[in-house]
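Note that the numbering runs from 1 along the sequence shown for the chain.
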Amino acid sequence: MAGRTIRTPPKLSALVCAFFEDSGRALFLEKTDERGRKQIELPYILINEGEDPVGALTAYLRSSLSLDAQIHLIFLRGRYNAGTRKRRHLITALAFRCSAKKVQPKISAPYSGSVWLAAEDALSAKLGRNSEWLRTAERV
């Protein structure tokens with residue numbers, strides 16, 4: 001009986017978000033859980049070591065939200081817990097400033113809609129797990 005080879009999954013290296021801004025408001029995607037509570041999140045993607053963050057974010061926005069976005073410089077930087085509360089695994093979280101001619105995302109499965117919110121309104125709303133890092137993020 002030959003020995004089994006166990007493949008280790010690639011390590012997560014960063015959470016990359018798209019930050020679309022229009023006259024002081026940012027685009028957030030809404031999720032509604034089974035209890036009917038709404039949570040908001042920035043459009044995001046988790047990338048592994050060695051992946052290009054800009055290329056991965058561009059591909060995600062085009063395939064999942066049907067947005068032909070142009071990715072600009074990093075706008076926010078923070079730390080995201082990719083593990084659990086008990087076993088924390090902190091990785092880098094980056095929000096890139098993005099622009100598009102037409103910012104009307106086509107919402108798919110986990111999301112129920114999109115909303116434009118000012119920064120203080122967004123931080124006072126219920127943030128989803130993948131956007132909680134925005135509370136402690138620093139502007140670059």
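For the salt bridge (Lys or Arg N to Asp or Glu O under 4.0 Å) condition, no pair includes a residue of residues 112-139, sequence neighbours left out. Among residues at least two apart or in separate chains, ring pair (Phe, Tyr, Trp, His ring centres under 6.0 Å) pairs with a member in residues 28-75 are Phe19-Phe75. Within the structure, ring pair (Phe, Tyr, Trp, His ring centres under 6.0 Å) pairs that include any residue of residues 93-140 do not occur (at least two apart or interchain). Applying the salt bridge (Lys or Arg N to Asp or Glu O under 4.0 Å) definition to pairs two or more places apart or across chains, those involving residues 53-82 are Arg62-Asp68.
Put simply, the side chain of Arg25 does not reach to within 4.5 Å of the side chain of Leu117, judged on heavy atoms. Ile40 has its side chain within reach of Leu127: a pair of non-hydrogen atoms, C-beta onward, lies under 4.5 Å apart.
For the residue pair Ile45 and Ala56, the shortest heavy atom distance occurs at CD1-O, 3.9 Å. Taking every heavy atom of both residues into account, Pro105 and Leu29 meet most closely at CG-CD2, 4.5 Å.
Residue Pro43 forms a side-chain contact (heavy atoms from CB on, under 4.5 Å) with just one option from Val16, Asn130, Leu65, and that option is Leu65. A side-chain contact (heavy atoms from CB on, under 4.5 Å) with Leu76 is found for one member of Leu42, Leu134, Val140 and no other, namely Leu134.
With values rounded to the nearest 0.5 angstrom, Leu46 atom CG is found 10.0 Å from Glu51 atom CD. Note that CG of Asp22 and OG of Ser99 are 11.5 Å apart. Values are rounded to the nearest 0.5 Å. Ser112 contributes atom OG, which lies 5.5 Å from atom NZ of Lys38 (distance to the nearest 0.5 angstrom). The CZ atom of Arg97 sits 12.5 Å away from the CD1 atom of Ile71 when rounded to the nearest 0.5 Å.
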Counting only pairs under 3.5 Å, give me each side-chain donor-acceptor contact of residues 82-94, with atom names and distances, residues two or more places apart or in other chains.
unit_1: Thr84; atom_1: OG1; unit_2: Lys86; atom_2: N; d: 3.4
unit_1: Thr84; atom_1: OG1; unit_2: Arg87; atom_2: N; d: 3.0

Exercise for the section: Decide side-chain contact (heavy atoms from CB on, under 4.5 Å) for Val103 and Leu27; before the verdict, give the C-alpha distance in whole Å, the side-chain angles of both, and the deciding distance to 0.1 Å. Expected result: CA-CA 9 Å; Val103 185; Leu27 174 72; 3.9 Å; yes
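At least one donor-acceptor pair closer than 3.5 Å links the side chain of Ser13 to the backbone N or O of Asn48.
Evaluation of the side-chain hydrogen bond (donor to acceptor under 3.5 Å, both in side chains) rule for Asp33 yields Arg37 as partners, not counting sequence neighbours.
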